[in-house]
Amino acid sequence: MTLQSNRRDFLKGTAAVGGALVVGFRANGAVAAGAAADLNPFVRIEPNGAVTVIIKHFEMGQGTTTGLATLVAEEMDADWESVGIDFAPADNTRYANLAFGAQGTGGSTAIPNSFMQYRKAGAAARELLSMAAAQEWGVPGDQITIAKGVIAAGDKTGSFADFVQAAAAITPSEEPVLKTLDQFTLIGQHQLPRQDSASKTDGTAIFAMDVEVEGMVYATLLKSPKFGGKLVSFDASAAFERPGFIEAKALANGSTVAVYASSTWEAIAARELITTEWDFAQAETRSTDEMIAYHQGLLDQPQFQARKGADQALTDEALAGAAEIVETSFLFPNLAHAPMEPLNCVIQPTGDGVLIHDGSQFPAITQPVVAATLGLPPEKVEIKTVFAGGSFGRRATPSSDYQFEAALAFEALGRTKPVKLIWTREDDIRGGYYRPMAAHRARIGFDAEGKIVGWDHRIAVKSILKGTAFESVLVHDGIDEVSVEGVHDTHYQIPALSVGLSDAEVGVPVLWWRSVGHTHTAYVMESLIDMAAEKAGADPVAYRLEMLSGGTDDQNRLSAVLKLAAEKAGWGEALPEGRARGVAVHKSFGTYVAEIAEVSVDGDGYVKLEKVTCAVDCGIAINPDVIKAQMEGGIGYGLGAVMRNQITFTEGEVDQFNFPDYEPLRITDMPQIDVHIVVNDIAPMGVGEPGTPPIGPALANAIYAATGKRVTQLPMSENGIDFV
């Protein structure tokens, strides 16, 4: 069961006489329960015994609701069937992501930053219920047991409901006792049903697109066809031919017309009848070929040395003395996020503020942005978070772009009527945010035996973080960390490695895309390592293991997943004619993933990806089934991108418009995927993104092994590879 409430309603409900037992933390981080003034609720046990976990991270399909609820239910020994979830209200001080210091979901951080918080909250709730039962039954506390929501001592039994009221009057310990790993009964269970499966199956789950409120009008946007264009004028007279059209208004940002109607379809249809005039003086007007040439030119003179401790002079000297130098360039196109649920939200007036219904990924950004737009105190902007149909980074913009536009549309209409803003998929693919175009060039020097003696690596890519609120944290000495992650911090033992970085200045708006910089850096590094293995005459897996033999924790864990994937894939065993395997291993977001792709090539040269064997080490596996699903989903998402996806431009305008020409992965493209999870007792890390980076290079290396074609420019289908 999924409940929805805002903070006012939530606190009102928990304060009621004879109400729920509420457990959470004080502002200083100490465990608290009951009516503490600064209580930050994480768990609520209803008078009927139902357990509700307050989820501070939103759910976009990645399994957050299940993972966080599992942590609480595990420590409480609750009956999983009685556990529900309630999305936390917007409250940056109480529900901050500990990795960001602000409320938001992203970077595969939901489980890592919440692991101890939610376990402690569950353990505290269990302790309070145990103490209440011990007092009522007059038995020592150590005689109390709890299993699947049943409290027992000797021949006495009871339910959570029997002790909620008494437990609410007890003060919890500052450090409740947590379970040891061998005591887990839910964590690590393979068949634990997801929290959101039932509601998403029977249609009762509420997504932002489902939200309707009384008196609501629908709005869609008419925007410049070129990024940076400014509105000069518009004429909406013809739109009045549509019976549902209400009106059109220029928004205060100077670049958008809001079209209002009685339904989504009428708003979209009316928009087609509106004529506009634009000023493109400050707009991006280059075509793709010009952008490519510009990025490649930047590689000649890097602005920054991104490898800590590297010395370009030493790299140059090593290359000058090399017996052979191999130079390879790579090019990656812009990519759209293309979530299945297009961007949308509802903004409605309250007595003295507004309420936003949204699949809200970053309430910490949306709340102040909307407040500033409408001239309201942030606390007057409530956010009711609902499910989102995917994101892949798109709903986490530093500017809260679509929520900002919804506020502008609400303001322009007089603030009296609720407004539901809907972007079409065409709007987002043609005028949204993108994974930036990236160019790489590597010059690798080898000695006479084929060993690496020097490596000069250069990257040109537009910075995602500069100019945003994240710059102060993730940009150091001018270097955007996500532009070079996966290269400058490689765990391979590479002598005389230098990494030059140039920031591309392009008018195309860019944003993190599932696994961010690792989307291109893993592809380049794992392709180059394969090339180096070939130069050394070594097996690709054995070569990687040798390059990872330094004994660091990162190297050991990368080696372990590589060995596991190789073993499960049957690496080294003979394959039928026309088949080949390729391998890649990469660490991202604290998680280690190795993937082995097996391809077949028919008599006409068509390639088919037959199988992927994946090994993952993400620390303690909270929900193995969720981990497996995220690896499968990440692999599929990455495959669609490297095989066919690209965003191209003609004089600054995006050429693609929807799935017919920005193709998602086809069901016939999806291979058999076997996922193997490393079992250990290390603190858990995220799994939403790490499955994506290795699949591109694993496929590319398999294609090379099968055909002799090395794909260095994506997408593959536009660069010499035909897929079945």
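Residues His440 and Phe332 bring their aromatic ring centres within 6.0 Å. For an aromatic pair to be called close, the ring centres must be under 6.0 Å apart, and Trp512 with Tyr434 fails this. When ring centroids are compared, Phe392 and Tyr637 come within the 6.0 Å threshold. Side-chain rings of Trp278 and Phe234 stay apart, their centers remaining 6.0 Å or farther from each other.
Contact record, Ala258 with Leu251: CB-CD2, 3.8 Å, taken as the closest heavy-atom pair. Nearest heavy atom pair, residue Ser391 against residue Met60, reads CB-SD, 3.3 Å. The heavy-atom pair separating Ile627 from Cys618 by the smallest distance is CD1-SG, 3.6 Å. Of all heavy-atom pairs between Ala641 and Leu335, the closest is CB-CD1, 4.0 Å. The two residues Leu511 and Tyr433 have their closest heavy-atom pair at CB-CB, 3.6 Å. Shortest non-hydrogen contact noted between Val687 and Pro690 is C-CD, 3.5 Å.
Within the structure, salt bridge (Lys or Arg N to Asp or Glu O under 4.0 Å) contacts touching residues 282-295 (residues at least two apart or in different chains) are Glu284-Arg286. Residue pairs meeting the salt bridge (Lys or Arg N to Asp or Glu O under 4.0 Å) criterion with at least one partner in residues 687-705, sequence neighbours excluded, do not occur; the list is empty. Pairs passing the salt bridge (Lys or Arg N to Asp or Glu O under 4.0 Å) check and including a residue from residues 489-509, sequence neighbours excluded, read Lys466-Asp503. For residues 333-342, the salt bridge (Lys or Arg N to Asp or Glu O under 4.0 Å) pairs, not counting sequence neighbours, are Glu341-Arg395.
A side-chain N or O of Thr220 and one of Arg271 form a donor-acceptor pair less than 3.5 Å apart. Ser400 and Thr366 form a side-chain donor-acceptor contact under 3.5 Å, judged by distance and modelled atom types alone. For the residue pair Asp358/Gln403, the side-chain donor-acceptor check at 3.5 Å is satisfied. Side-chain N/O atoms of Thr256 and Asn253 include a donor and acceptor closer than 3.5 Å. Residues Asp661 and Gln656 bring no donor and acceptor atom of their side chains to less than 3.5 Å of each other. With 3.5 Å as the limit, one finds a donor-acceptor pair spanning the side chains of Thr64 and Gln62. Using modelled atom types and a 3.5 Å distance limit, the side chains of Arg435 and Thr519 yield a donor-acceptor pair. Under the 3.5 Å distance criterion, with hydrogens and angles disregarded, no donor-acceptor pair is assigned to the side chains of Asp456 and Thr315.
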Is there a salt bridge (charged side-chain N to carboxylate O under 4.0 Å, His left out) between Lys223 and Glu405 once you walk through the steps? CA-CA 11 Å; Lys223 307 178 80 170; Glu405 291 167 339; 2.7 Å; yes
Chi angles and distances behind the side chain to side chain contact (heavy atoms under 4.5 Å, CB included) call for Ile444, Glu324: CA-CA 8 Å; Ile444 306 175; Glu324 183 179 359; over 6 Å; no
Begin with the C-alpha distance, continue with both residues' side-chain angles, and end with the deciding distance and a verdict on side-chain hydrogen bond (donor to acceptor under 3.5 Å, both in side chains) for Asn97 and Thr109. CA-CA 8 Å; Asn97 183 320; Thr109 59; 2.9 Å; yes
Kindly indicate, with the supporting measurements, whether the criterion ring pair (Phe, Tyr, Trp, His ring centres under 6.0 Å) is fulfilled by His518 and Tyr523. CA-CA 8 Å; His518 298 284; Tyr523 189 100; over 10 Å; no
Is there a side chain to side chain contact (heavy atoms under 4.5 Å, CB included) between Tyr662 and Ile647 once you walk through the steps? CA-CA 8 Å; Tyr662 190 83; Ile647 292 293; 3.8 Å; yes
Could you walk me through whether Asp669 and Leu609 pass the side chain to side chain contact (heavy atoms under 4.5 Å, CB included) check? CA-CA 7 Å; Asp669 295 326; Leu609 177 56; over 6 Å; no
Ile459/Val499 under side chain to side chain contact (heavy atoms under 4.5 Å, CB included): CA gap, chis, key distance, verdict: CA-CA 8 Å; Ile459 303 170; Val499 182; 4.3 Å; yes
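Under the side chain to side chain contact (heavy atoms under 4.5 Å, CB included) criterion, Pro495 pairs with Ile452, sequence neighbours left out. Applying the salt bridge (Lys or Arg N to Asp or Glu O under 4.0 Å) test to Glu471 and every residue at least two apart in sequence or in another chain returns nothing. Scanning for side chain to side chain contact (heavy atoms under 4.5 Å, CB included) contacts around Tyr704 gives Glu534, Arg710, with sequence neighbours left out. For Val510, the side chain to side chain contact (heavy atoms under 4.5 Å, CB included) criterion is met by Pro436, Lys462, Ile464, not counting sequence neighbours. The side chain to side chain contact (heavy atoms under 4.5 Å, CB included) test applied to Ala629 returns no partner, not counting sequence neighbours. Not counting sequence neighbours, Glu481 has no partner by the salt bridge (Lys or Arg N to Asp or Glu O under 4.0 Å) test.
In this structure, Arg394 forms a cation-pi arrangement with Trp423, its terminal cationic atom sitting closer than 6.0 Å to the ring centre and no more than 45° off the ring axis.
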Identify each donor-acceptor pair in which a side-chain atom of residues 590-599 lies under 3.5 Å from a protein atom, sequence neighbours left out, and give them as a table.
from: Thr591; atom 1: OG1; to: Gly686; atom 2: O; distance (Å): 2.7
from: Tyr592; atom 1: OH; to: Asp554; atom 2: OD1; distance (Å): 2.4
from: Glu595; atom 1: OE1; to: Ile695; atom 2: N; distance (Å): 2.9
from: Glu598; atom 1: OE2; to: Arg579; atom 2: NH1; distance (Å): 2.8

Name each donor-acceptor pair under 3.5 Å that joins a side chain in residues 714-724 to protein atoms two or more places apart or in another chain, with its distance.
from: Ser717; atom 1: OG; to: Met643; atom 2: O; distance (Å): 2.9
from: Asn719; atom 1: ND2; to: Gln713; atom 2: O; distance (Å): 3.1
from: Asn719; atom 1: ND2; to: Pro715; atom 2: O; distance (Å): 2.8

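With hydrogens and angles disregarded, a donor-acceptor distance shorter than 3.5 Å links the side chain of His488 to the backbone of Ala306. When atom types are taken as modelled, the side chain of Thr373 and the backbone of Val369 share a donor-acceptor pair closer than 3.5 angstrom. Gln361 places a side-chain N or O within donor-acceptor distance of the main-chain N or O of Thr105, the cut-off being under 3.5 Å. Distance alone, capped at 3.5 Å, is enough to place a donor-acceptor pair between the Glu526 side chain and the Val585 backbone.
Phe330 places a side-chain heavy atom less than 4.5 Å from the side chain of Ser527. Here the side chains of Arg458 and Leu501 are not in contact, with every heavy-atom distance at 4.5 Å or above. Proximity of Val461 to Ser483: side-chain heavy atoms (C-beta onward) are separated by under 4.5 Å at one or more points. Here the side chains of Leu331 and Thr712 are not in contact, with every heavy-atom distance at 4.5 Å or above.
In this structure, Arg441 pairs ionically with Asp300, as a charged nitrogen and a carboxylate oxygen lie closer than 4.0 Å. Under the 4.0 Å criterion applied to side-chain N and carboxylate O atoms, Arg430 and Glu653 are not assigned as salt-bridge partners. Between Glu610 and Arg581 no salt bridge is recorded (no basic side-chain N to carboxylate O distance below 4.0 Å).
Atom CD of Glu651 has 12 or fewer neighbouring heavy atoms from other residues, nucleotides or ligands inside a 6.0 Å radius.
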